[in-house]
Amino acid sequence: MPSLYLAANRFGLGRRFDDPATDDPQAWLLRQLEDYDPVPAPIAALPGRAAIAAAYVEYQDDRRAMRRNAPDDVAQKDGTGTAMAPELQRLSRSAIRAHYVDAAAARLANAVATPTPFPERLVHFWSNHFAVSADKLPVIGFAGNYEFEAIRPHIMGKFSDLLIAAVRHPAMLLYLDQAQSFGPDSPVSDRIRARGRRQAPGLNENLAREIMELHTLGVRTGYTQADVTAFAKVLTGLTVAGLGRGAGQRLMPAGAADGDTVFIAPLHEPGAQSIMGKSYAQGGADQAEAVLLDLARHPATARHIATKLARHFSGDTPAPALVARLEADFLRTGGDLTSLYRTLVAAPEAWGAEPAMFKSPWDWTVSVMRSLKLPALGDRQNVPALFTQLGQPIWRPGSPAGYDDLVATWAGSAAMMQRVELASRIAGRIGDRVDARQLAPLILADALTTQTAQAVARADSPGQALALLYASPAFLRR
Amino acid sequence: MTLSRRHMLISGLTIAAAGAVPRFAYAAAATPRRLVFVIQRGAADGLAIVAPTGDPAYAAARGALAEEAGGASLNGLFTLHTALAAGAGLYRAKQAHFAHAVATAYRDRSHFDGQNVLEGGGSRPYEKSDGWVGRLLTLLPAAEREALAIAPAVPLALRGSAPVATYAPSRLPQADADLIARLSALYADDALLHPLWDSAVKTQELAGDIGGNNGRNGADLGKLAASLMLPADGARVMMIETGGWDTHSGQRGRLTAQLRGLDQLVGALQAGLGPAWNDTLVVVATEFGRTVAVNGTGGTDHGTGSAAMFFGGALAGGGPVAGGMVSADWPGLSAANRLDGRDLKPTRSLESVIGAAIAHHYALDPARVMQTLYPDA
């Protein structure tokens, strides 16, 4: 029988204390693909894009007022870049920060409560694949909304739909500077030059490069610098309403609300562009869509996605045969994601005898919380601060590549000590009300070793027993 | 009575002084050499950090960004970024060296591949599974081999056959000694967890009293690093990670903040290490540079050639990477002299500069150092 431990930890987010026993773990996983809820209760309760955009606009207005009142204090600060310390302090009290904190708490609450942990793991996987990072000021408020509105609704559909939703969300457009990229020969740039401005706004190739390198084809797959530049030109015109300053904002369509993704034709680089040997002569926003659709079904993309999924569900060095099956599946179905998940569940390579991966701080914390009927953390626990301490700040990987997905990424000596310290703290709070000896076989199932069972049984207190369980080799892994 | 109390007081002072003197004398006689590698992840803009203000093409290419270069004039050609005040002081004291127009063997523009080459020391991405610092450890005497990264896991640069500890500042309450001992027993047969846990325990013992320091700004990080390197059984080789150098937009404010942090980090290292600073080499390097021209969003895009920085009291003694110097075989910034028409053209390999500095610092045979650190160079 396939391992219940692997189904629960490798595919899921850890056994819940009230999970029913199952004698068919694979069927349990496949059922979850149908029961998946893209908008579960904790997330449905959050405010939408308009409220987040309003908070950002208000913040910008405050800043402008501050600059008028105390020009020296803000003279060197830059509204688009990393906030500096005093500004961060202010920000931490502001509405933008509150959106981030509430969204992070909702993400955690949902991961702990969900009856469909396999799809939830896939949400986290895709959110990290199409990573934005909330260390850039305009991204902070939108980071949660990005996962909830661009990722969650599309994880069971086509890869191309997921790609287009991710690329078009304001968080991505702001994070990778697309919102400020102007076609160098666009009507707007021409006009600015005609007026004799020293430096016309221009092209920013950040989003174009990362779509090719990270989201679709993968690095070193044959595209050139010229392809990146041409793709950056194709993407011009795509921007976010209401959140920036300067020429672009005056051209927003009349009906656009702050925070809407919009296409502004006068910012778009006119003419056909050639990318990887193919010419795209479409006009306006259709041009970007045509390129994205081609990138989404490119064989290099199939291989890239197959490799990353295989690694996530079988270990650092996935078997070439598994990658090949996923790749063929991707190409045959035109990037049908549910089909890939079914292939993974059926793959013998994903059901190896030993847990091959080391849980990320997120995986580990969520699995601790799922195992307990009592709340593991206090009501006043600041969720983002906890994950920052553990080394994996939520929606803040610090780079568009997201967090690495290797054993060496998370298995560090400091990381282990931090987990043991947090396990001790949780044990101190509730250890006297939980019997780790009964919990161990329930949550580690077939992976409970004699050594761990003995260590738990011989602990000097119930709290120490619980800490030993959460720090045991099988619980640290997946 | 009064006399007796006075006497006791004086005795106490005498004892304290007697205890301190020999320790100090040992330290002064032969402090082991120390190495700090500060990686700048994200491609730091060498053209803004050590600005070639004397290049005739500089001001036009850099536009508004050229105004950043208001700091110390290093020589006729180069000006240091205004945020590097401590760095300028070290330069005047012949304890700073800047190597310009350098690059690793990597010639594309992906951060992750570029960092892989910078850390691994290979000629292509993903060629090496260990790093140049990790391989250096095999050349060092046992007393100088203790290595530590301020990071949650071991960065590639430090990976290799020698054990390396990691330390990430934690504000969580510490686990008790009995639990730690039981976990040591539980991990005894686990090939992955056993060595990680051993070094976690050892580091926690060393770091005991700095748990409250979260290392979030440069000065704290430098202070923390110095406190981990100063004890007799502390780290001798240290790696510090810094991010946030990828300034595609709004570069002026962001880079100034970054460099202020780096400057304080170096200043805090110098202050914290005290006399040991004289036997310390700090290497600051990034995966590649940034475009000569400014982009449409007040930033710069991924480039090639950049600048590396070297700090430490030992540089005042001269050598191939001597303090108080900028070394560069300057290619010029005019469009015709750029790489691919856009980047600062690298004229020396970063590997050769780091190799020479390391060989001199440890008084090792330069050829052997190059062969171990950078076998493909």
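The chains referred to below are lettered A, B, ... by the order of the sequence lines, with proteins before strands, and numbering in each begins at 1.
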Subject >> Residue P125(B) versus chain A: region with a heavy atom under 4.5 Å >> reply: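 Side chain only.
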
Give a yes or no on whether a salt bridge exists between [X] and [Y], defined as a side-chain N under 4.0 angstrom from a carboxylate O.
X: R62(B); Y: D45(B); value: yes
X: E210(A); Y: R109(B); value: no
X: E287(B); Y: R41(B); value: no

Original post:
Going by atom types alone, do W245(B) and T286(B) pair a side-chain donor with an acceptor below 3.5 Å?
Top reply: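 Absent: no donor and acceptor within the cut-off.
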
Using heavy-atom distances under 4.5 Å, tell me whether [X] contacts chain B through its side chain, its backbone, both, or neither.
X: L468(A); answer: both
X: T449(A); answer: neither
X: V407(A); answer: side chain
X: L176(A); answer: neither

Subject >> Residues, nucleotides or ligands: over 12 heavy atoms within 6.0 Å of R458(A) CZ >> reply: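 Counting neighbours around CZ of R458(A), 12 or fewer heavy atoms of other residues, nucleotides or ligands fall under 6.0 Å, so no.
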
Options [options], ranked by heavy-atom pairs under 4.5 Å with chain B, top entry:
options: R477(A), Q451(A), Q454(A); value: R477(A)
options: N206(A), L203(A), D177(A); value: N206(A)
options: A401(A), A423(A), S472(A); value: A401(A)

Subject >> Nearest non-hydrogen partners of T239(A) and L173(A), listed with the distance >> reply: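 For T239(A) and L173(A), the tightest heavy-atom pair comes out as O-CD1, 3.9 Å.
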
Subject >> W410(A)/F358(A) under ring pair (Phe, Tyr, Trp, His ring centres under 6.0 Å): CA gap, chis, key distance, verdict >> reply: CA-CA 7 Å; W410(A) 303 117; F358(A) 197 80; 9.0 Å; no

Original post:
So which of L156(B), D301(B), D113(B) has the largest heavy-atom pair count under 4.5 angstrom toward chain A?
Top reply: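 Most heavy-atom pairs within the cutoff with chain A belong to D113(B).
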
